[in-house]
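Worksheet for the structure shown next.
By convention here, the first residue in the shown sequence is residue 1. In listed order, ligands and their atoms are each counted from 1.
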Amino acid sequence: MRLAVGQVHRHVLALASSRSCFVLGDNLPLRMLSLPRAVRFHQTAWLGTETVQDKSASLTLASLEGQNKVEYGKKEKATRIGGPKPSSRASALKVKPKVSSFNSKPTKSTLPKSAVVKKTLKIDESLFSAKSFEELGLPPLLIDRLNKEGLSTPTEVQSAAIPIISQKHDAVIQSYTGSGKTLAYLLPILSEIGPLKRLTEQDGSDKRSGVEAVIVAPSRELGMQIVREVEKILGPNDKRLVQQLVGGANRSRQEEALKKNKPLIVVGTPGRISEISAGGKLHTHGCRFLVLDEVDQLLSFNYREDMHRILEHVGRKSGTSSRDILGPLARRSERQTILVSATIPFSVIRAARSWGHDPVLVRAMSVVPLDSITVPRPVLSQTDANPNSPSNSVNQAAVDSLPPSLEHYYCISKAQHKVDTLRRCIHALEAQTVIAFMNNTKPLKDVVFKLEARGMKATELHGDLGKLARSTVLKKFKDGEFRVLVTNELSARGLDVPECDLVINLDLPTDSTHYAHRAGRTGRLGRKGTVVTICEETETFVVRKMRKQLAVPIKPCEFTEGKLLVHNEEDVE
Ligand SMILES: Nc1ncnc2c1ncn2[C@@H]1O[C@H](COP(=O)(O)OP(=O)(O)OP(=O)(O)O)[C@@H](O)[C@H]1O
């Protein structure tokens with residue numbers, strides 16, 4: 001569904017039960033917000049006396065510090081707001097656009113303070129100077145496995161998150177797409193549970209059995225990807241200790257595997273996890289870790305019932321009744337909750353505060369206690385004509401999720417010529433691994449057909465394909481059998497194809513958050529990447545709005561004679 005410009009992203013709050021609160025939020029269009037009265041009541045109740053100026057505004061360290069100025073349209077790259085530099089160790093992909101002119105007009109946008117920090121944890125500087133996994137205190141067996149997989153140096157977000165999670169903090173991890181957030185939470189978990197864990201004095205008497213970590217992801221693909229990452233670290237002999245519970249696969253087989261393999265870690269989608277748990281085949285009461293990957297999406301309205309069940313059951317010891325004297329606090333103490341996303345809106349901070357004890361926000365180079373964070377004010381771009389328009393606000397969550405190494409362009413094309421423009425773009429940029437996004441499933445086939453007819457290997461990926469077909473398509477694309485993957489929003493979050501050097505928007509993303517997640521499929525781990533939005537003349541104002549909200553230069557361009565030609569902004573106005 002495409003949102004018109006001017007739609008307001010709202011995060012809707014509701015009380016999950018009378019005893020524990022959780023946030024149901026999403027970038028919902030305003031007209032979808034006719035909530036049941038009870039929900040509205042809870043929303044009011046939960047907001048309490050807080051003066052909330054912008055529920056959709058997100059929290060970022062850059063906004064907390066309020067010290068960053070952004071300029072875009074400069075000759076070189078845009079200044080990145082907050083966040084770390086790309087890792088020097090990361091190799092660059094071979095994308096060398098042939099640029100024949102580069103003269104976009106500088107435009108200014110300023111980010112004033114958007115949130116106030118009352119206090120900050122004293123940050124251990126040595127936390128960020130870790131050069132190796134050894135320095136982060138990971139157990140030797142785990143380090144051996146990492147080395148065997150060719151992993152020797154932690155990324156910045158891993159350096160920050162691993163010690164914090166090991167100190168048993170509840171944590172919100174925010175870092176840009178492709179910066180290594182998955183291992184940032186997996187490694188401290190695997191330091192505590194399973195065959196690679198740190199040996200402690202209690203080990204002989206450790207009576208824990210059953211599932212010890214539940215990892216929830218919004219899509220099957222992302223769930224499967226996380227499973228593969230865990231299997232990789234555990235190694236071939238112990239990979240049965242992780243079990244996937246994703247939708248679309250045979251449920252009975254998953255239940256049998258749970259019984260037979262007795263996994264320590266389960267990874268799955270909210271629907272399937274809560275279904276199997278409700279059926280009594282998954283026991284998570286003794287669970288020590290709950291991870292919500294892509295938390296902002298998981299806390300959206302769509303998943304509310306399943307997430308409610310998961311939040312209520314995981315890590316809550318059987319026998320702990322909701323009438324227990326400590327109530328929700330007792331429950332919380334049973335598990336460590338880790339929330340992860342490239343885009344963390346303020347609603348997630350609020351949710352984490354209500355669940356966690358001593359929760360902290362971990363970013364690549366900083367750790368901030370969540371209690372210190374107040375609701376951010378909307379941040380306006382200086383060039384905005386109408387500051388009252390919500391669409392003119394900088395979307396700080398999306399800004400911070402963009403990898404610093406990306407180049408952004410847009411190109412005008414009539415609808416019927418978009419596939420040709422796409423082909424010319426791929427040739428001009430010499431892109432080898434391309435993900436093209438559309439909004440609907442039906443037209444995907446047509447695009448694939450046209451590309452193939454012109455000799456370009458392409459394939460489609462969408463929710464109408466079965467689970468097996470989806471994983472086969474993805475594997476073939478990753479193996480380089482296809483040059484172009486034509487897909488929809490399904491692939492926008494979490495999908496890791498390190499070689500992807502070009503992302504194309506054949507349809508406009510619904511908003512700047514969706515733009516950022518799509519864009520993040522390229523430029524992984526500091527590699528170079530290009531994002532090109534192909535739009536119709538009448539849609540260019542939407543691109544300009546997103547450019548303001550994202551505070552990055554999205555430069556007008558065209559592809560002629562096998563070259564990328566970048567226009568001056570005023571040439572196209
Ligand atoms: N320390 C490391 N050294 C080398 N490669 C790493 C390291 N950590 C992660 N990677 C690789 O970097 C890639 C990106 O990691 P990951 O998918 O965890 O990023 P992410 O931040 O979760 O991205 P997204 O926000 O898009 O989900 C993966 O291919 C992963 O295997």
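Between the side chains of H308 and Y303, no donor-acceptor pair of N or O atoms lies under 3.5 Å. Looking only at atom types and distance, the side chain of R524 has no donor-acceptor partner in the side chain of T522 under 3.5 Å away. With 3.5 Å as the limit, one finds a donor-acceptor pair spanning the side chains of T343 and D296. For the 3.5 Å distance criterion, the side chains of S491 and R521 fail to qualify, holding no donor opposite an acceptor. Side-chain contact, E499 with Q432: no donor N or O sits under 3.5 Å from an acceptor N or O. For the residue pair N505 and Y410, no side-chain donor N or O sits within less than 3.5 Å of a side-chain acceptor on the partner. Counting only N and O atoms by type, the side chains of T182 and D293 include no donor and acceptor under 3.5 Å apart.
Both cation-pi conditions hold for R304 and F301: the charged atom is under 6.0 angstrom from the six-membered ring centre and inside a 45 degree cone around its axis.
With a 4.0 Å cut-off on non-hydrogen atoms, L222 does not touch ligand 1 at all. With a heavy-atom cut-off of 4.0 Å, H517 does not touch ligand 1 at all. Within the 4.0 Å heavy-atom criterion, the part of D496 lying near ligand 1 is the side chain and not the backbone. Contacts of R493 with ligand 1, taken as heavy-atom pairs under 4.0 Å, are absent altogether. The residue Y185 has no part lying near ligand 1, judged by heavy-atom distances below 4.0 Å.
Remark: the backbone N or O of G529 is not paired with any side-chain donor or acceptor of E407 at under 3.5 angstrom. Side chain of R145 to backbone of P140: no donor-acceptor contact under 3.5 angstrom is found.
Listed by number with element, the atoms of ligand 1 under 4.0 Å from a non-hydrogen atom of R524 are 14 (C), 16 (P), 17 (O), 19 (O), 23 (O), 24 (P), 26 (O). Here is the list of ligand 1 atoms found below 4.0 Å of a heavy atom in E229: 30 (C), 31 (O). Counting the atoms of ligand 1 from 1 in the order shown, those under 4.0 Å from a heavy atom of R521 are 26 (O). Under a 4.0 Å criterion applied to the non-hydrogen atoms of F133, ligand 1 contributes the atoms 1 (N). Distances below 4.0 Å separate heavy atoms of Y176 from the following atoms of ligand 1: 21 (O). The distance from ligand 1 to the heavy atoms of E294 drops below 4.0 Å at these ligand atoms: 27 (O).
For atom 12 (O) of ligand 1, the nearest non-hydrogen atom from the set L525, T182, L146 comes from L525. Compare G523, G178, A342, A217 by their heavy atoms: the one nearest to atom 20 (P) of ligand 1 is in G178. Residue L151 holds the heavy atom nearest to atom 4 (C) of ligand 1 of all those in L151, L186, D293, L495.
Residues Y515 and H408 place their aromatic rings such that the two centres sit under 6.0 Å apart.
Under the 4.0 angstrom criterion for non-hydrogen atoms, S179 is in contact with ligand 1. Heavy atoms of G520 come nearer than 4.0 angstrom to ligand 1 in no pair at all.
For G180, a nitrogen or oxygen atom sits less than 3.5 Å from a nitrogen or oxygen atom of ligand 1, counting backbone and side chain alike. Among the atoms of T153, some N or O lies under 3.5 angstrom from an N or O of ligand 1. For the pair T177 and ligand 1, the shortest N or O to N or O distance does not fall below 3.5 Å.
Between E294 and R493 a salt bridge is recorded (basic side-chain N to carboxylate O distance below 4.0 Å).
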